[in-house]
Amino acid sequence: MRHALALALLLASGAAHAQAIKSEPPVRHFTPDELSRIAMPDLAFAEAPADIATYDKYFFFHRENTSFDEAYADIKECDALASGIRYYGGGYDVDIGQYGLGGAIGEALGNILADAIWGSAERRKIRRANLRNCMFYKEYQRYGMSEQRWKAFNFEEGNGRKKDDEREVALLQQAKVAAGPKPQYKVLEP
């Protein structure tokens with residue numbers, strides 16, 4: 001009984017210090033002048049089999065009857081969620097074993113190098129999946145596009161984060177596409 005009371009007090013004191021969930025940030029409202037300065041990316045391309053094979057990597061979003069302000073808020077939120085989730089392929093188990101400390105250091109460096117090579121691709125893959133899920137949840141449709149057109153207004157992150165000014169330009173253009181005219185391409189699965 002005494003342990004149950006102590007546990008209840010501990011839980012109650014933890015609840016008192018828990019952070020409240022903050023409300024969503026206010027939607028930024030863009031002026032017509034600001035909107036006119038955001039370049040609309042060229043989405044036109046002749047679809048080729050090689051493009052179709054890469055639609056899991058190269059895509060954009062659109063939702064009908066969505067204002068630019070809403071699209072920007074949604075893309076900004078989904079980008080933050082997708083970028084903030086880190087992929088850790090497990091810790092590095094270092095066994096000093098028969099090779100001693102030098103072998104352990106070599107193994108740790110080898111693991112770091114392997115993560116730099118293959119981990120970056122895996123983190124990009126997970127970021128794309130998280131972005132797709134978030135935008136699907138917000139009822140955006142996804143459309144495939146060529147790699148060349150995609151690179152004009154998107155970015156990839158693997159081992160590091162894009163500079164804030166470059167990221168902002170890309171997110172503004174993505175919002176312009178998401179709220180713009182309905183694409184004439186086939187809607188992809190989420």
Side-chain angles (χ1 to χ4, degrees), residues 18-45 51-52 54-89 115-116 119-190:
Q19 287 185 320
I21 296 174
K22 296 179 181 176
S23 61
E24 292 183 18
V27 173
R28 179 176 168 195
H29 296 286
F30 291 82
T31 66
D33 185 51
E34 289 174 314
L35 291 174
S36 70
R37 288 184 291 201
I38 300 168
M40 178 66 161
D42 183 6
L43 304 178
F45 73 102
D51 295 321
I52 295 168
T54 61
Y55 284 169
D56 62 322
K57 292 170 96 174
Y58 306 115
F59 52 82
F60 64 94
F61 300 101
H62 182 269
R63 186 174 71 190
E64 289 190 67
N65 303 319
T66 299
S67 71
F68 178 86
D69 298 346
E70 290 174 302
Y72 177 75
D74 291 341
I75 285 174
K76 190 97 166 154
E77 179 182 14
C78 288
D79 173 66
L81 290 170
S83 298
I85 298 172
R86 299 275 189 232
Y87 173 76
Y88 296 102
D115 182 62
S120 175
E122 187 65 17
R123 281 189 292 279
R124 287 191 303 269
K125 181 180 173 184
I126 290 170
R127 182 188 181 284
R128 284 190 299 269
N130 289 333
L131 184 64
R132 285 168 58 170
N133 288 334
C134 181
M135 293 298 281
F136 173 72
Y137 174 77
K138 292 178 176 291
E139 300 179 346
Y140 284 83
Q141 293 181 317
R142 187 173 68 93
Y143 299 85
M145 66 184 325
S146 71
E147 178 181 4
Q148 178 186 8
R149 295 283 189 214
W150 182 88
K151 285 183 175 181
F153 67 103
N154 286 277
F155 51 86
E156 286 193 303
E157 298 175 320
N159 287 329
R161 186 168 168 83
K162 216 33 149 177
K163 292 180 183 173
D164 287 341
D165 57 337
E166 294 173 26
R167 171 183 233 93
E168 184 65 12
V169 168
L171 294 176
L172 288 166
Q173 289 182 301
Q174 291 170 30
K176 194 139 190 178
V177 169
K182 182 178 169 88
Q184 299 304 310
Y185 302 110
K186 179 183 171 190
V187 174
L188 302 175
E189 293 292 317

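Just so you know, these numbers come straight off a predicted model, no measurement behind them.
- No side-chain heavy atom of R127 sits under 4.5 Å from any side-chain heavy atom of E156.
- The shortest side-chain heavy-atom distance between P181 and M40 falls under the 4.5 Å cut-off.
- Nearest heavy atom pair, residue A71 against residue A179, reads CB-CB, 3.9 Å.
- Not a single donor-acceptor pair under 3.5 Å links the side chain of E77 to the backbone N or O of D74.
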Apply side-chain contact (heavy atoms from CB on, under 4.5 Å) to the pair Y140 and I75, showing each step before the final yes or no.
CA-CA 10 Å; Y140 284 83; I75 285 174; 5.7 Å; no
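- Between R28 and E34 there is a salt bridge, since at least one side-chain N of the basic residue sits less than 4.0 Å from a carboxylate O of the acidic one.
- If you take CE on M145 and CG on L188, they are separated by 11.5 Å, rounding to the nearest 0.5 Å.
- The side-chain contact (heavy atoms from CB on, under 4.5 Å) check on D42 picks up A44, R149, with sequence neighbours excluded.
- Using a 4.0 Å cut-off between charged nitrogen and carboxylate oxygen, K125 and D56 do not count as a salt-bridge pair.
- Contact of the R128 side chain with the F59 side chain is registered, since non-hydrogen atoms from C-beta on lie closer than 4.5 Å.
- Distance alone, capped at 3.5 Å, is enough to place a donor-acceptor pair between the R142 side chain and the E189 backbone.
- Around the CZ atom of F155, the shell of radius 6.0 Å holds more than 12 heavy atoms that belong to other residues, nucleotides or ligands.
- Of the possible polar contacts, one joining the R132 side chain to the P190 backbone as a donor-acceptor pair under 3.5 Å is found.
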Could you please spell out the steps behind the side-chain contact (heavy atoms from CB on, under 4.5 Å) verdict for V177 and L43?
CA-CA 9 Å; V177 169; L43 304 178; 3.8 Å; yes
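- Ion pairing of E64 with K182 is present here, as a side-chain N (NZ or NE/NH1/NH2) and a carboxylate O approach within less than 4.0 Å.
- Note: F60 and Y143 have parallel aromatic rings, judged against thresholds of 30 and 60 degrees for the angle between ring planes.
- Between L171 and D79, some side-chain heavy-atom pair lies under the 4.5 Å cut-off.
- Distance alone, capped at 3.5 Å, is enough to place a donor-acceptor pair between the D69 side chain and the F30 backbone.
- Annotation: E166, atom CD; neighbour count of heavy atoms from other residues, nucleotides and ligands within 6.0 Å is above 12.
- The backbone N or O of G180 sits less than 3.5 Å from a side-chain atom of H62, completing a donor-acceptor pair.
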Could you go through the side-chain contact (heavy atoms from CB on, under 4.5 Å) check for K138 and R63 one step at a time?
CA-CA 9 Å; K138 292 178 176 291; R63 186 174 71 190; 4.2 Å; yes
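- For the atom pair CD (E139) and OG1 (T66), the distance works out to 9.0 Å, reported to the nearest 0.5 Å.
- Taking CZ of R167 as the start and CG of N154 as the end, the distance is 11.0 Å to the nearest 0.5 Å.
- Taking Q173 as the reference, I38, A39, P41, F153, V169 meet the side-chain contact (heavy atoms from CB on, under 4.5 Å) condition, with sequence neighbours excluded.
- Between F68 and Y72, the angle of the ring planes stays under 30°, which puts this pair in the parallel group of the 30/60° scheme.
- Taking the side chain as every heavy atom from C-beta outward, E147 and D51 never approach each other to under 4.5 Å.
- Between K76 and E168, the closest side-chain pair of non-hydrogen atoms falls below 4.5 Å.
- Distance check: L172 CG to L35 CG gives 9.0 Å after rounding to the nearest 0.5 Å.
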Check against ring pair (Phe, Tyr, Trp, His ring centres under 6.0 Å), F45 and Y58:
CA-CA 13 Å; F45 73 102; Y58 306 115; over 10 Å; no
